[in-house]
Amino acid sequence: MLRQLLPHFSSSSSSSSPIYSLARLTRQSSSRRVPLASRKTSSSSRSSASTRPFLCLALFLLLILVVTALFLFPPAIMSSSSSSSSSAASVPFERPRKVVKKVLSLSQSEGDGATVRRSIGRHEVPNLDPFLLLDEFSVSKPAGFPDHPHRGFETVTYMLDGAFTHQDFSGRKGTIRTGDVQWMTAGRGIVHSEMPASNGVQKGLQLWINLASKDKMIKPRYQELESKDISQAEKHGVKVRIIAGEAFGVRSPVYTRTPTMYMDFTMQPGSQLHQPIPEGWNAFVYIIEGEGVFGREGAAPASAHHCLVLGAGDGLSVWKRSGAPLRFVLAAGQPLNELVVQQGPFVMNSRAQIKKAMEDYYYGRNGFEKASQWSST
């Protein structure tokens, strides 16, 4: 888009408690006893003798029940307070990911009169292989991102509010609206424009994802999803829109040439999230609104417009304790481990390739043949 760098039993007493019932029955039986002097010794002996086998049997059965319960339900012997405390502290990851860097995205000018908040792509986080850039944009007419080229990577535009119209030099034109996604693979070359399609402020996110050297010169392609077609899931106060990857057993239909997950989470107060992330992938969080605790339960809360770079591990835990809902995107990708050389909208593997890309654009060749004859309307 951008012209530059873009079980347990209750421990409390109740009338249903077996211990409480047994004690009450004992008291009632005692109050109805017949004085010993009025009983005949022979009757008492016979009664006692006939009752003893049944009492032994009952005690034996009770012992079996207790042993079985201890074997099958060991948590039942724990107090309710210790059980709940253990559950709250447990995290379903062997190596939970922690926040290793926190960056507040600051506003800057971009395109033609547009304003963006850049996090990835700034000097604090120049890139996070395979991610090259993340911008939160806020644009009103007549500002926007007029005709500009791309080569060597992908752009993912996710509309948070409003609408943007996209045109490119192959004649393609379309509008994405609130909740829609456009996943554009620039490959060997695209020249396009992205401009506000309605009045007011148009808001969204644009993520740049690098392509492997073998894919940098492939034919351009698009994947576009309307908001209603984006995979969604909800569980225990956490709702997710799955742009790429899988969450809560639901997978997105988007194909990612560079293996990537990209999700939009909304958490209600009192909820928790434990989202697996493949080992070895680089990952980050960008907070859209609200605040929450990320990585470890004792960490300080992070708020809107912060980018949180995550360390190594197999999953991310998030706690939303109180206040307004928390909304953030989580992105993770498999590193390409290749040299990144970037010049504005061109991202290649060497300075020579960058020079070649600029020459191809200038002379209209190797994917840029239509560049000189086209302009957006």
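Worth saying up front: this structure is predicted, and the values here are computed from it rather than measured.
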Asks: May I have the list of side-chain donor-acceptor pairs in residues 226-233 shorter than 3.5 Å, sequence neighbours left out?
Replies:
residue	atom	partner	partner atom	Å
Ser227	OG	Arg241	NH1	3.4
Ser227	OG	Arg241	NH2	3.3
Ser231	OG	Arg251	O	3.1

Asks: List the steps and the verdict of side chain to side chain contact (heavy atoms under 4.5 Å, CB included) for Glu297 and Arg321.
Replies: CA-CA 10 Å; Glu297 198 168 4; Arg321 296 194 174 115; 3.4 Å; yes
Asks: Phe294: which residues meet the ring-ring contact (aromatic ring centres under 6.0 Å, His included) condition with it, sequence neighbours left out?
Replies: Phe328
Asks: Count the heavy atoms of every other residue, nucleotide or ligand shown that sit under 6.0 Å from NZ of Lys141, and state whether that count exceeds 12.
Replies: yes
Asks: When you measure from the side chain of Ser252 to the backbone of Ile243, do you find a donor-acceptor pair of N or O atoms at a distance under 3.5 Å?
Replies: yes
Asks: So does Lys98 have more than 12 non-hydrogen atoms from other groups sitting under 6.0 Å from NZ?
Replies: no
Asks: Hey, any chance Leu310 and Leu326 share a hydrophobic cluster, counting ILVMFWY side chains that come within less than 4.5 Å of each other, even indirectly?
Replies: yes
Asks: Sequence neighbours excluded, which residues qualify as side chain to side chain contact (heavy atoms under 4.5 Å, CB included) partners of Tyr362?
Replies: none
Asks: If you look at every heavy atom in Thr377 and Gln167, which pair is closest and at what distance?
Replies: O-NE2, 3.0 Å
Asks: Which heavy atom in Phe169 sits nearest to a heavy atom in Ala371, and how many Å separate them?
Replies: CD1-N, 3.6 Å
Asks: Where do Phe368 and Arg188 come nearest, in terms of heavy atoms and distance?
Replies: CE1-O, 3.8 Å
Asks: Report, as yes or no, whether the 6.0 Å neighbourhood of atom NZ on Lys239 holds more than 12 heavy atoms from other residues, nucleotides or ligands.
Replies: no
Asks: If the condition is salt bridge (Lys or Arg N to Asp or Glu O under 4.0 Å), which residues does Arg177 pass it with, not counting sequence neighbours?
Replies: none
Asks: Answer yes if Ile209 and Ile120 sit in the same cluster of Ile, Leu, Val, Met, Phe, Trp and Tyr residues linked by side chain heavy atoms under 4.5 Å apart, and no otherwise.
Replies: yes
Asks: Ignoring hydrogens, what is the shortest heavy-atom contact between Ala247 and Val240? Give both atom names and the distance.
Replies: CB-CG1, 4.1 Å
Asks: Counting only N and O atoms by type, is there a donor-acceptor contact under 3.5 Å from the side chain of Thr260 to the main-chain atoms of Thr258?
Replies: yes
Asks: For Glu338, check salt bridge (Lys or Arg N to Asp or Glu O under 4.0 Å) against everything at least two apart and list the hits.
Replies: none
Asks: Give the intermediate values and the outcome of side chain to side chain contact (heavy atoms under 4.5 Å, CB included) for residues Val116 and Gln206.
Replies: CA-CA 10 Å; Val116 303; Gln206 187 167 97; over 6 Å; no
Asks: List the atom pairs, donor and acceptor, that lie under 3.5 Å between side-chain atoms in residues 278-285 and the rest of the protein, sequence neighbours left out.
Replies:
residue	atom	partner	partner atom	Å
Glu279	OE1	Arg95	NH1	2.8
Glu279	OE2	Arg95	NH1	3.4
Asn282	ND2	Asp129	O	2.6

Asks: Examine Arg172 relative to Tyr222 and say whether NZ or CZ is less than 6.0 Å from the centre of the six-membered ring and inside a 45° cone about the ring axis.
Replies: yes
Asks: Look only at the side chain of Arg221 and the backbone of Thr185, and say whether a donor-acceptor pair between them is shorter than 3.5 Å.
Replies: no
Asks: Is the backbone N or O of Val347 less than 3.5 Å from a side-chain atom of Asn210, with the two atoms forming a donor-acceptor pair by type?
Replies: no
Asks: For Tyr286 and Ser105, which I'm curious about, is there any donor-acceptor pair between the side chains at under 3.5 Å?
Replies: yes
Asks: If you look at every heavy atom in Phe248 and Val238, which pair is closest and at what distance?
Replies: CE1-O, 3.7 Å
